[in-house]
Every structure is written in structure tokens, then in C-alpha cells.
Amino acid sequence: MPRKLAPTTTTKRYHDSVRPTMLAQLPLKPLVFILCLLPLARTLSILLRGQPVNPIEFLTRSTGTWTLVLLLITLSLTPLRRLTGTVWPLRLRRMMGLFAFFYASLHFTTYLWLDQFFDLAAILRDIRKRPFITVGFMAFVLLLPLAATSTDRMLRRLKRNWQRLHYAVYPIAILAIVHYWWLVKRDLTQPMVYGSILAVLLGIRLWWKWQTWRRSVARAQPAIQTDGRKIGV
């Protein structure tokens with residue numbers, strides 16, 4: 001009967017270092033999944049207990065707010081990954097984006113069903129005459145292809161075009177802020193807070209792009225000078 005080989009010092013050290021990390025990451029996705037459902041559970045609890053709120057308005061505002069919050073969280077995960085040097089934020093990015101779409105779908109369905117009762121003429125009139133409805137509808141339409149292509153299969157099929165398509169999340173987030181801003185009208189505190197957060201997240205990305213461009217220009221300069229000396233310029 002063959003003997004079991006004792007683990008080497010290197011193997012033991014590897015497993016000792018990896019095991020706590022793996023255990024720490026295992027419950028992360030289920031925990032985040034449950035946390036993302038809590039706002040909906042709270043909203044339904046308030047409505048079912050018959051608290052003195054306008055149910056349609058409350059459901060519309062709640063799902064709309066959490067759509068925007070989850071969009072901003074999704075956009076914050078890449079900067080968080082670069083700042084911390086860890087990969088766990090990227091593992092949550094798809095889930096957070098899909099939950100943003102989930103709440104956006106609830107928001108849109110509440111408007112179509114409970115507010116307009118699927119009255120197509122009234123809906124089209126709203127989209128045409130009320131700017132905040134127009135902007136919100138545009139944001140939701142742009143979200144549809146992002147949600148539809150969020151699978152690994154679509155990522156493999158679209159290849160580089162997948163990344164180009166998902167850059168649409170930036171105008172979607174801007175449209176969502178404008179939608180909220182025009183809806184509120186009077187107390188602009190919350191739209192301004194969300195708008196400021198989005199401005200920071202987009203500003204960070206522009207800074208990274210500029211730094212990348214500067215480095216590429218700096219690398220290109222010595223090559224240009226060398227070629228110039230070779231041809232006697």
C-alpha cells in the first residue's frame with residue numbers, strides 16, 4: 001500500500017496562506033446578493049404594513065433610487081480594485097450591474113403598470129412631453145443590451161466589442177442623474193450628492209486615461225529621437 005507523502009514546507013505554507021483568503025471570499029457573493037435584496041424587502045414591508053405613504057410613488061421612488069445607488073456602486077468597483085490591489089471588487093461587478101438592471105426593471109414596470117396601466121398612448125405622450133421621463137426611458141433602453149450581454153458566452157462571442165458596448169454604462173449613469181435631478185425639482189440635495197459621486201468616479205477614469213496617454217507619449221519620444229539620429233535629422 002503506497003505511503004502518503006508528507007506535505008513539503010512550501011506546500012504547507014501555500015495552503016496556510018491561501019485557505020483563510022478562500023474562506024473569507026466564499027460567502028462574499030451570497031452575502032452581497034442578500035444585501036442587494038434588502039431594499040426591496042424593506043419597501044415591500046412598508047407597503048404591506050399599510051404605512052401612510054402613496055404606494056405607487058413610494059415604490060417608484062424607492063426602486064429608482066436603488067437603481068442609481070447600485071449603478072454608482074458598480075462604477076466604484078474598478079477604482080476600488082486599483083486602490084486596494086485586490087481582485088474581489090471585480091468579482092462583484094457583474095452582480096451589482098445586474099442588480100442595478102433588476103431595480104431599473106422594477107422601476108420601469110411600476111411606471112408602466114401601476115402608474116399608466118399599460119396605456120400606450122399615455123406613455124408615449126409622457127415620453128414626448130415630460131423631459132425626465134424621456135431621459136429615464138433612454139437610460140433604461142441603453143441598459144437592455146448591457147444586461148443581455150452580461151454572460152460569459154456573450155463576452156467570448158463579442159470579444160473586444162463587449163468592452164466597447166459596456167462603456168455605455170457611463171452615459172447611462174449620467175442620464176440617470178439627470179432623470180433624478182429633473183424629477184426632484186425643489187430639494188436637489190440628493191441628486192447633487194449622487195451627481196458629485198459620479199463626477200468623482202468619472203474624473204478618476206479620465207485621470208487614468210490622461211496618465212496612460214502621457215506615459216505612451218514619454219515612451220515614444222526616445223524612439224523618435226533615435227530614428228531621427230539614424231537618418232541624420
- Other cluster members, Leu31 - Ile/Leu/Val/Met/Phe/Trp/Tyr, side-chain contacts below 4.5 Å: Leu35, Leu38

- Phe117: hydrophobic cluster co-members (side-chain, 4.5 Å): none

Of all the heavy-atom pairs spanning [X] and [Y], show the shortest one and how long it is.
{"X": "Arg156", "Y": "Lys159", "result": "O-CG, 3.2 Å"}
{"X": "Ala139", "Y": "Ala176", "result": "CB-N, 4.5 Å"}
{"X": "Leu72", "Y": "Leu198", "result": "CD2-CB, 3.9 Å"}

If we ignore hydrogens and angles and just use 3.5 Å, is the side chain of [X] paired with the main-chain N or O of [Y] as donor and acceptor?
{"X": "Thr109", "Y": "Leu106", "value": "no"}
{"X": "Arg94", "Y": "Ser150", "value": "yes"}
{"X": "Thr60", "Y": "Ile56", "value": "yes"}
{"X": "Trp66", "Y": "Leu40", "value": "no"}
{"X": "Ser216", "Y": "Trp213", "value": "yes"}
{"X": "Arg205", "Y": "Leu201", "value": "yes"}

Just so I know, are the side chains of [X] and [Y] near enough to count as touching, which here means a heavy-atom distance under 4.5 Å?
{"X": "Tyr111", "Y": "Ile123", "result": "yes"}
{"X": "Asp115", "Y": "Thr110", "result": "no"}
{"X": "Phe132", "Y": "Tyr180", "result": "no"}
{"X": "Leu158", "Y": "Arg164", "result": "no"}
{"X": "Thr43", "Y": "Thr63", "result": "no"}
{"X": "Arg91", "Y": "Leu28", "result": "no"}
{"X": "Leu77", "Y": "Arg81", "result": "no"}
{"X": "Arg128", "Y": "Thr134", "result": "no"}

- Decide yes or no on side-chain contact (heavy atoms from CB on, under 4.5 Å) for Thr65 and Tyr194, but give the supporting numbers first. CA-CA 10 Å; Thr65 299; Tyr194 294 139; 3.7 Å; yes

- Message: Test side-chain contact (heavy atoms from CB on, under 4.5 Å) on Leu142 and Leu146; report intermediate values, then the result.
- Response: CA-CA 7 Å; Leu142 288 174; Leu146 271 63; 5.9 Å; no

Decide if atom [atom1] of [X] counts as having more than 12 heavy atoms of other residues, nucleotides or ligands within a radius under 6.0 Å.
{"X": "Arg42", "atom1": "CZ", "answer": "no"}
{"X": "Met192", "atom1": "CE", "answer": "no"}
{"X": "Trp208", "atom1": "CH2", "answer": "yes"}

Are [X] and [Y] connected, step by step, through hydrophobic side chains (Ile, Leu, Val, Met, Phe, Trp, Tyr) whose heavy atoms are closer than 4.5 Å?
{"X": "Val141", "Y": "Val178", "value": "yes"}
{"X": "Val69", "Y": "Ile34", "value": "no"}
{"X": "Leu202", "Y": "Trp181", "value": "yes"}
{"X": "Leu90", "Y": "Leu83", "value": "no"}
{"X": "Leu37", "Y": "Leu48", "value": "no"}

- Stepwise side-chain contact (heavy atoms from CB on, under 4.5 Å) check, Met95 with Val32: CA-CA 9 Å; Met95 181 191 295; Val32 171; 3.9 Å; yes

Which distance, rounded to the nearest 0.5 Å, do you find between the [atom1] of [X] and the [atom2] of [Y]?
{"X": "Leu68", "Y": "Ile73", "atom1": "CG", "atom2": "CD1", "answer": "10.0 Å"}
{"X": "Thr74", "Y": "Leu92", "atom1": "OG1", "atom2": "CG", "answer": "9.5 Å"}
{"X": "Phe108", "Y": "Leu143", "atom1": "CZ", "atom2": "CG", "answer": "11.5 Å"}
{"X": "Leu75", "Y": "Leu80", "atom1": "CG", "atom2": "CG", "answer": "12.5 Å"}
{"X": "His107", "Y": "Tyr103", "atom1": "NE2", "atom2": "OH", "answer": "13.5 Å"}
{"X": "Leu155", "Y": "Leu165", "atom1": "CG", "atom2": "CG", "answer": "11.0 Å"}

- Who passes side chain to side chain donor-acceptor pair (under 3.5 Å) against Asp187, sequence neighbours left out? Thr189

- Task: Quick one: sort the His166 and Trp162 rings into parallel, tilted or perpendicular, breaks at 30° and 60°.
- Result: parallel

- Task: For the pair Phe99 and Phe102, name the ring-plane relationship: parallel under 30°, tilted 30 to 60°, perpendicular over 60°.
- Result: perpendicular

- Not counting sequence neighbours, list each pair that qualifies as a salt bridge (Lys or Arg N to Asp or Glu O under 4.0 Å) and has a residue in residues 48-71. Glu57-Arg61

- Message: Quick one, Arg214 with Trp210, criterion side-chain contact (heavy atoms from CB on, under 4.5 Å). Give me CA distance, side-chain angles, the key distance, then yes/no.
- Response: CA-CA 6 Å; Arg214 283 189 61 189; Trp210 184 64; 3.4 Å; yes

- Looking at residues at least two apart in the chain, or sitting in another chain, which of them share a side chain to side chain contact (heavy atoms under 4.5 Å, CB included) with Ser196? none

- Task: Please report the C-alpha distance between Asp119 and Arg125 in whole Å, then the side-chain angles of each, then the deciding distance to 0.1 Å, and finally whether the salt bridge (charged side-chain N to carboxylate O under 4.0 Å, His left out) criterion is met.
- Result: CA-CA 10 Å; Asp119 186 341; Arg125 188 165 53 249; 5.5 Å; no

- Name all residues meeting the ring pair (Phe, Tyr, Trp, His ring centres under 6.0 Å) criterion together with Phe58; count only those two or more places apart in sequence or in a different chain, and write none if there are none. none

